[in-house]
Structure formats: C-alpha cells, structure tokens
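A quick write-up on the structure given underneath.
Note that the structure is a prediction, hence the values are computed from the model and not measured. In what follows, every chain begins at residue 1, and chains take the letters A, B, ... in the order their sequences are listed.
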Protein chains: 2
Amino acid sequence: MKRFRIQQSGQGEQDRQLMFSLVNAGRAIEQRLEDALAGVGLSLAKFGALTHLMEAGEPLNLSECAKKMTCVRSNITQLMDRLEADGLVRRVDDPQDRRAVRAAVTELGAERQAAGAKEVAKVQAALAATLNGTDHGALQRALSAIK
Amino acid sequence: MKRFRIQQSGQGEQDRQLMFSLVNAGRAIEQRLEDALAGVGLSLAKFGALTHLMEAGEPLNLSECAKKMTCVRSNITQLMDRLEADGLVRRVDDPQDRRAVRAAVTELGAERQAAGAKEVAKVQAALAATLNGTDHGALQRALSAIK
DNA sequence: TATAGATAATTCATATATGAAACGTTTTCG
DNA sequence: CGAAAACGTTTCATATATGAATTATCTATA
C-alpha cells in the first residue's frame, strides 16, 4: 500500500532554508566578532582597517584601503575619521601625490589591533569547536564557491 | 627520509579562513538578495518586514514586528516610516491598547511582497545550483549549529 | 603648453542598525 | 484609589554602508 510522507518539505523549501541559514550563520559570527572586539574598544570595521594597515607595514592611500576592504571610498573617509578620533590612526600627506592622504597606524592603534587579534582568535577557536563534527574541508569548498 | 611539507597551513589558519568564509558567504548572499529585490523596489529589510506581516495575515504591533525580525524597536519605527512613505504599509491604531501602533500591509505592499518573493526564489535557485556538488544535509546541519 | 579627462578625497543625502532617553498608556499592588 | 513599575513607541545620537556631487590635483594629448 502506498504511503504518503507526512511533513515532507519540498526541495524549494530546503533550498530556502539553506540560503537563510547561510545568511544567519554569517551574521551570527559577525555578531560574535563585534561582541568580542567591543571588549577591547574596537568594531569589526575598525579592526579590519587596522589589520590591513598592519599587514601592509606602511601607510596606505585611503583608496587602497577601500580596495582592500571592498567598500566605497566615502566609507573609508568616515571610518578614518572615527579611527583618528580614537587615536588609532593618523592621516599623513602623501609627498608623491598631493591629492592623496595616507593612513598611518599609531602605536596605540598597533596595540589595539594586537588585542583585537587575540579576541578574534578566541571566536575562531569557539567556532571550530562548534563545527567539530563537520568535514571542514567540504564546508570550506562549498563556501568558497559562493561569490 | 623525512620530508617537510611546504606551504603548510596550520590548523589555526584554516579555522580563520573558515570563519571569514562563512561571514563572506553570508554577505555575498545578502548582496545577491539586495540586488534582486532592488529590481522590484525593495530592500531585504523591507521585504522581510512585509513577509512577516503577510505571514501573520493581520496587522502586527511594531514590537511584535521587532521580535519577529530580531531587531530593536527603534529600527522598526524607522523601517515603518520608509515603508509608509513607499505606500506599502499603513500605521493603524490598536483599539485594545492606545500605546500600540499596528502595521497593516496595503494592497500595493502585498503585490510588492509577492514580486519580491519571486526574486528571492531566483536567488535561491541560483544558490542551489552553485552548491550542487555539496551535501546539502551536512551543510544545513553545520550551519544550524552556529548560533 | 593648455586643457580635457582621470583620479583622490570629501561632503551630502540616504538606508540600515543599535541603544539611551523621553513620553504617554496600562498594569500592578500597597 | 493612587503611586510605582512595566510597556509601546518615538526621538536622538551614533556607527556602518552606499552612491552622487564637489573640489583639488594629476596626466595625457591635441
């Protein structure tokens, strides 16, 4: 005798679920990062900017910052205003190009970035623990396909 | 003879990669949804609010909206201002509680929500295609663990 | 070389989000 | 009953993000 599956979810419903789970997981991790970084006086945006500047090892044009952070330049203008107000970055003139402004990390900024990196590492470890029953390689491959 | 693995990434580095891939994947999907919804005059925030109201089938308190959308109430105040300016929602008095304001979807709002749902379905289908070599069940379970 | 176009940064308007403070209304309880 | 607490919404200040318009400077070329 033929049975009808009760509570069956169609493929479309599962796809929708998966899509929103991806969005929600991303947001949840962002929130964990924001919370952890708030403990050392940083936001994720500020930490990201400081990290790119530290990795570059030298002051960067605001346009270069925008490229590295994949955002528009007017966003960087404002972010640098806030970082400068916090004393974490200084705007310096570019002697080669008088249109340009370069962002230099201050000593306090470098310390703050290092403290932030420790907080990020904790979130990262907690996430790894959460995902300990998962094939990390497969997950990484799936996520990398999403552009 | 013992070999040294060149270019080996430590576990920590892979964990960091995975964490940021999750954040980036979530943002990428949000961006796809924003782009698709922009085509019918909606943002993801507006579509979400309209969808919750349509699912409820009746006007909802702004506080109830905030709870469903997991955001603070002042955010809903502003979102409703914009939805009202668009003619997609109307604020109506709650006769039971004179403090409360309820959001009612207009006819135009209902049409717009339906159009948005079609756009969302397209994004969803494209994502499913992108993930066609992946074990959706395993991915869903991993994502659901992230809170 | 003069100028037209490209480029760097900022300003402004706007959208989305949070959290604190203010305000009116409702509920609770001494 | 009446005061205090709780509740619902809004307002304000702020952070983050986008995109258009503006200003200053630089570069290429007619």
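Remark: B:Arg91 is in phosphate contact with D:dT10, judged by side-chain N or O atoms under 4.0 Å from OP1 or OP2. B:Asn75 has no side-chain polar atom (N or O) that falls below the 4.0 Å cut-off from OP1 or OP2 of C:dT16.
A salt bridge links B:Lys122 with B:Glu119: the distance from a Lys NZ or Arg NE/NH1/NH2 to an Asp or Glu carboxylate oxygen falls below 4.0 Å. Electrostatic pairing of B:Arg91 and B:Asp81 counts as a salt bridge here, judged by a charged N lying under 4.0 Å from a carboxylate O. Note on B:Arg16 versus B:Glu13: salt bridge recorded, some NZ/NE/NH1/NH2 to OD/OE distance being below 4.0 Å.
Out of C:dT10, C:dT25, D:dT9, the shortest distance to the side chain of B:Asp97 is found at C:dT25. The nucleotide whose nearest atom lies closest to any side-chain atom of B:Ala45 is, among D:dC26, C:dA17, D:dT11, C:dA17. Side-chain proximity of A:Val72 to C:dT18, D:dG19, D:dT16: nearest is D:dG19.
A straight line from CG of B:Leu79 to C1' of C:dT18 spans 14 Å, rounded to a whole angstrom. Atom CZ in A:Arg73 sits roughly 16 Å away from atom P in D:dT22 (whole-Å rounding). When the C1' atom of C:dA8 is taken as reference, atom NZ of A:Lys67 falls 11 Å away, rounded to whole Å. Taking atom CG on B:Leu60 and atom C1' on D:dT9, their separation rounds to 15 Å, with Å as the unit. Whole-Å rounding puts the B:Arg99 CZ to C:dT27 P distance at 6 Å. If you take CG of A:Asp93 and C1' of C:dA9, they are 12 Å apart, rounded to a whole angstrom. Rounded to whole Å, the distance from CG on B:Leu42 to P on C:dA15 is 13 Å. One interatomic measurement links the two molecules: CD of A:Glu34 to C1' of D:dA15, which rounds to 9 Å at whole-angstrom precision.
Remark: side-chain polar atoms of B:Arg32 are paired, donor with acceptor, to backbone N or O of A:Lys147 under 3.5 angstrom.
Evaluation of atom-type donor-acceptor distances gives a pair under 3.5 Å for the side chain of A:Ser74 against the base of D:dG19. The base of C:dT18 lies close enough to the side chain of B:Gln78 for a donor and an acceptor atom to sit less than 3.5 Å apart.
DNA chain D is contacted by both A:Arg98 and A:Ile76; A:Ile76 maps to the nucleotide lying nearer its 5′ end (nearest heavy atom per residue). Between A:Arg27 and A:Thr77, the residue whose closest nucleotide on DNA chain C is further toward the 5' end is A:Thr77.
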**Candidate pair A:Glu55 and A:Lys68, rule salt bridge (charged side-chain N to carboxylate O under 4.0 Å, His left out), full reasoning** = CA-CA 11 Å; A:Glu55 283 172 357; A:Lys68 283 189 196 285; over 6 Å; no
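B:Ser63 comes within contact range of the sugar-phosphate backbone alone, with a heavy-atom separation under 4.0 Å but no base atom that close.
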